[in-house]
Amino acid sequence: REILTRLTSKIVKKIEKLEKLDARHRHKLRIAVKKLRYATEFFDSLFADTKKERKALIKVLEKLQTAMGKLNDIRVQEGLADKIVQKRNIQKGREMSLAVGLVQGQEQRNIKQLLETAAKAGAHLPKLKPFWK
């Protein structure tokens with residue numbers, strides 16, 4: 001119960017300031033969401049009479065984890081793209097830079113939507129009845 005309460009509180013606090021979190025802190029939030037989801041599934045048999053509440057929590061956590069995972073993928077892709085561009089000769093580097101710029105531009109456009117999706121899913125978290133109480 002303590003673990004589930006602590007993880008939930010940690011996530012709720014971070015979700016409230018999601019827009020202000022940098023990529024590193026969003027990644028930490030993603031890991032906390034993953035831990036809560038896995039803990040919820042792990043402790044499943046201890047709370048057999050609260051299946052409805054557990055399912056609701058897992059559904060929210062899945063949406064949140066997916067959005068946070070995609071945000072992390074974008075961050076990793078940016079780092080890899082920078083390394084690729086730096087290793088090319090001048091002409092190929094220019095072409096690669098244009099291609100990478102196009103991809104990163106599309107990814108940057110997705111960040112806002114992913115943050116909104118994560119915030120929306122996270123907003124449901126404090127409203128859910130804790131199944132472990």
Side-chain angles (χ1 to χ4, degrees):
R1 290 184 172 127
E2 286 179 33
I3 292 169
L4 295 170
T5 300
R6 184 175 38 82
L7 286 171
T8 303
S9 296
K10 181 179 180 179
I11 293 167
V12 168
K13 286 177 186 174
K14 287 185 179 186
I15 286 291
E16 291 172 355
K17 54 184 177 180
L18 180 62
E19 294 283 334
K20 297 177 184 175
L21 297 179
D22 61 14
R24 188 173 131 263
H25 287 95
R26 287 194 310 249
H27 177 64
K28 287 183 175 187
L29 173 58
R30 181 182 75 89
I31 291 170
V33 170
K34 186 186 286 192
K35 285 180 181 179
L36 179 57
R37 181 177 168 202
Y38 294 161
T40 298
E41 292 169 347
F42 179 79
F43 294 121
D44 183 38
S45 62
L46 297 177
F47 304 99
D49 57 333
T50 58
K51 185 175 181 176
K52 182 179 176 183
E53 290 87 356
R54 277 195 328 275
K55 279 188 162 188
L57 176 60
I58 289 172
K59 184 177 179 180
V60 166
L61 293 174
E62 285 174 347
K63 287 181 183 180
L64 188 52
Q65 188 177 352
T66 298
M68 298 305 296
K70 288 179 181 179
L71 286 165
N72 190 61
D73 291 346
I74 290 169
R75 182 183 67 90
V76 170
Q77 174 266 324
E78 287 173 349
L80 292 173
D82 288 344
K83 287 179 184 178
I84 290 169
V85 169
Q86 290 173 7
K87 289 187 178 188
R88 301 291 176 195
N89 66 37
I90 294 173
Q91 181 57 34
K92 285 189 178 182
R94 181 180 179 283
E95 293 167 2
M96 184 64 71
S97 293
L98 292 173
V100 167
L102 176 65
V103 171
Q104 286 186 334
Q106 291 172 338
E107 295 291 5
Q108 290 299 316
R109 193 177 59 213
N110 292 334
I111 288 175
K112 184 178 180 193
Q113 178 64 39
L114 290 168
L115 286 171
E116 289 173 3
T117 299
K120 186 176 177 181
H124 290 289
L125 197 55
K127 298 174 187 175
L128 297 173
K129 180 182 175 190
F131 69 86
W132 58 90
K133 296 203 175 182

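Numbers here are sequence positions counted from 1.
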Test item: K70 and T66 side chains (from C-beta on) under 4.5 Å apart, heavy atoms = yes

When clusters are formed by joining ILVMFWY residues with side-chain heavy atoms under 4.5 Å apart, either directly or through shared neighbours, do I3 and L36 land in the same one?
-> yes

If you count the non-hydrogen atoms of other residues, nucleotides and ligands that lie under 6.0 Å from CD in Q106, is the total more than 12?
-> yes

My understanding is that only residues two or more places apart in sequence, or in another chain, count here; which of them pass side chain to side chain contact (heavy atoms under 4.5 Å, CB included) with [X]?
X	result
E16	V12
T5	S9, W132, K133
D22	R24, H25
K13	none

Going by atom type alone, with no hydrogens or angles, which donor-acceptor pairs under 3.5 Å involve a side-chain atom of residues 116-130 and a protein atom two or more places apart or on another chain?
from, atom 1, to, atom 2, distance (Å)
T117, OG1, Q113, O, 3.0
T117, OG1, Q113, NE2, 3.4

In Å, rounded to the nearest 0.5 Å, how long is the span from [atom1] of [X] to [atom2] of [Y]?
X	Y	atom1	atom2	value
Q108	E78	CD	CD	5.0 Å
Q65	I58	CD	CD1	11.0 Å
T50	D44	OG1	CG	8.0 Å
K34	L61	NZ	CG	13.0 Å
K14	R26	NZ	CZ	12.5 Å
K55	L57	NZ	CG	13.5 Å

A23 versus R75, closest heavy-atom pair with distance | CB-CD, 2.9 Å

Please report the shortest heavy-atom distance between E19 and L115, naming the atom on each side.
-> OE2-CB, 3.9 Å

Only pairs at least two apart or in different chains count here, so list each ring pair (Phe, Tyr, Trp, His ring centres under 6.0 Å) that has a residue in residues 31-66.
-> F47-F131

Could you check I15 against M68 for side chain to side chain contact (heavy atoms under 4.5 Å, CB included), going step by step and ending with a plain yes or no?
-> CA-CA 11 Å; I15 286 291; M68 298 305 296; 5.5 Å; no

Trace of the side chain to side chain contact (heavy atoms under 4.5 Å, CB included) decision for E107 with I111 | CA-CA 7 Å; E107 295 291 5; I111 288 175; 5.8 Å; no

